[in-house]
Asker: 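Structure provided below as structure tokens; questions to follow.
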Number of protein chains: 2
Amino acid sequence: MPAPFPTPPFMHQALDLARAAGAAGEVPVGAVVVRAGAVIGQGENRNRRDNDPTAHAEIIAIRAAAAQLGDYRLVDCDLWVTLEPCAMCAGAIAHARIARVYYGAADPKGGGVDHGARVFAHPQCLHRPDVYGGIGEDAAAALLRGFFAARR
Amino acid sequence: MPAPFPTPPFMHQALDLARAAGAAGEVPVGAVVVRAGAVIGQGENRNRRDNDPTAHAEIIAIRAAAAQLGDYRLVDCDLWVTLEPCAMCAGAIAHARIARVYYGAADPKGGGVDHGARVFAHPQCLHRPDVYGGIGEDAAAALLRGFFAARR
């Protein structure tokens, strides 16, 4: 039996952020933006803490990276996120010109990349990143399941 | 010949914000969030000024309104925006639980409500606002045409 594909380090960092969000009572999702092998922005869900409906992990990581670069376009940057991005975050990814998106768990209910609005699939989408799903998905899905089970 | 339908005051306020954005070199779009007849958040495009790919008028207005209310859900709030929202902003509108969206000019190239991703049209969309397009669209479209003509 082959060894399982190891979870890449940037996804481990996103999973740590997801765990921190969950411990703070937020939906456990985390994200990092990477450029030239270095993290230049990170985020964890903060909707409730910040009273901000846009405060998803991806949005926070993208805003932090853009501030760091001093540019509203994140050319040559990758996003690692523990959950399939929603339509809002997929739109932000396209606006930011993110090159590659690596996500953990698929989100058939709330996702907007491979489900629902499929934001990158329309001719109107100005920029389509390469998308790789299922990276570290077992850990990401277990975090989410644990969070929602505890709330029921 | 009947008098043309007058542009409602909240759209005039959004158009003023759009003009300010255009004067600052940003795509001229403005938005206000209204609750109980009062503006509780406003925004104009600030992508370039703020180095922020998410800084669309709608996102800024929604974040301001949520901070004002101290709640990440904008229950019983309406959004007035001069241009059809993109997929990112439509996603934010759904997350914020905005009740009604009034927009000015349709955006066949970049819109995500009545074009492209049609974010509210999918079964996965958690909240669908009532949407009214074409409110003050002549003024909104003229602003955008003038802006892009000057850049060519």
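All values below come from the heavy atoms of this structure, side chains included, with hydrogens, waters and symmetry mates left out. By convention in this document, chain letters (A, B, ...) are assigned in the order of the sequence lines, proteins followed by strands, and residues within each chain are numbered from 1.
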Asker: Would you please indicate if the ring centroids of A:His95 and B:His56 are separated by under 6.0 Å?
Answerer: yes
Asker: Which is it for B:Lys109 and A:Gln124 under the side chain to side chain contact (heavy atoms under 4.5 Å, CB included) test, yes or no, and what are the steps along the way?
Answerer: CA-CA 5 Å; B:Lys109 286 188 184 170; A:Gln124 286 92 339; 5.5 Å; no
Asker: Can A:Asn47 and B:Tyr72 be said to form a side chain to side chain contact (heavy atoms under 4.5 Å, CB included), step by step?
Answerer: CA-CA 6 Å; A:Asn47 295 116; B:Tyr72 73 106; 3.9 Å; yes
Asker: Of the listed residues (A:Gly116, A:Ala66, A:Gly110, A:Cys89), which shares the most heavy-atom pairs with chain B below a 4.5 Å separation?
Answerer: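 Maximum pair count with chain B is reached by A:Gly116.
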Asker: Do the side chains of A:Met88 and B:Val101 join up, straight or via other hydrophobic residues, at under 4.5 Å, putting them in one cluster?
Answerer: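 No, separate clusters.
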Asker: If Ile, Leu, Val, Met, Phe, Trp and Tyr residues are connected whenever their side-chain heavy atoms lie under 4.5 Å apart, and connections chain through other members, are A:Val33 and A:Leu83 in the same group?
Answerer: yes
Asker: Just give me the residue among B:Gly70, B:Gly91, B:Ala65 that pairs up with chain A most often, heavy atom to heavy atom, under 4.5 Å.
Answerer: B:Gly70
Asker: Could I get the full list of salt bridge (Lys or Arg N to Asp or Glu O under 4.0 Å) partners for A:Asp138, not counting sequence neighbours?
Answerer: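 By the salt bridge (Lys or Arg N to Asp or Glu O under 4.0 Å) rule, A:Asp138 matches no residue at all.
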Asker: With a 4.5 angstrom heavy-atom cut-off, is it the side chain or the backbone of A:Arg48 that approaches chain B, or both, or neither?
Answerer: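 For A:Arg48, the contact with chain B is made by backbone and side chain together.
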Asker: Highest number of heavy-atom pairs under 4.5 Å with chain A: which of B:Leu69, B:Leu74, B:Asp71, B:Ile93?
Answerer: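 Sorted descending by pairs with chain A, the first entry is B:Asp71.
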Asker: Quick one: what part of B:Pro123 sits under 4.5 Å from any heavy atom of chain A, side chain, backbone, both or neither?
Answerer: neither
Asker: Who are the side-chain hydrogen bond (donor to acceptor under 3.5 Å, both in side chains) partners of B:Asp130, not counting sequence neighbours?
Answerer: none
Asker: Minimum heavy-atom separation for A:Ile62 to B:Pro53, with atom names?
Answerer: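 Heavy-atom minimum between the residues: CG2-CG, 3.4 Å.
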Asker: Verify the cluster assignment for B:Ile98 and B:Phe120: are they in a single hydrophobic cluster under the rule of side-chain heavy atoms below 4.5 Å apart?
Answerer: yes
Asker: Honestly curious: do B:Tyr103 and B:Leu79 fall in one hydrophobic cluster under the side-chain, below-4.5 Å linking rule?
Answerer: yes
Asker: Of A:Asp50, A:Asp52, A:Asn51, which meets side-chain hydrogen bond (donor to acceptor under 3.5 Å, both in side chains) against B:Arg63?
Answerer: A:Asp52
Asker: Find out if a path of hydrophobic residues (ILVMFWY) with successive side-chain heavy-atom gaps under 4.5 Å connects A:Leu15 to A:Tyr102.
Answerer: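 Yes.
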Asker: Could you tell me which portion of A:Ala90 (side chain, backbone, both or neither) has an atom closer than 4.5 angstrom to a non-hydrogen atom of chain B?
Answerer: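 No part of A:Ala90 comes within 4.5 Å of chain B.
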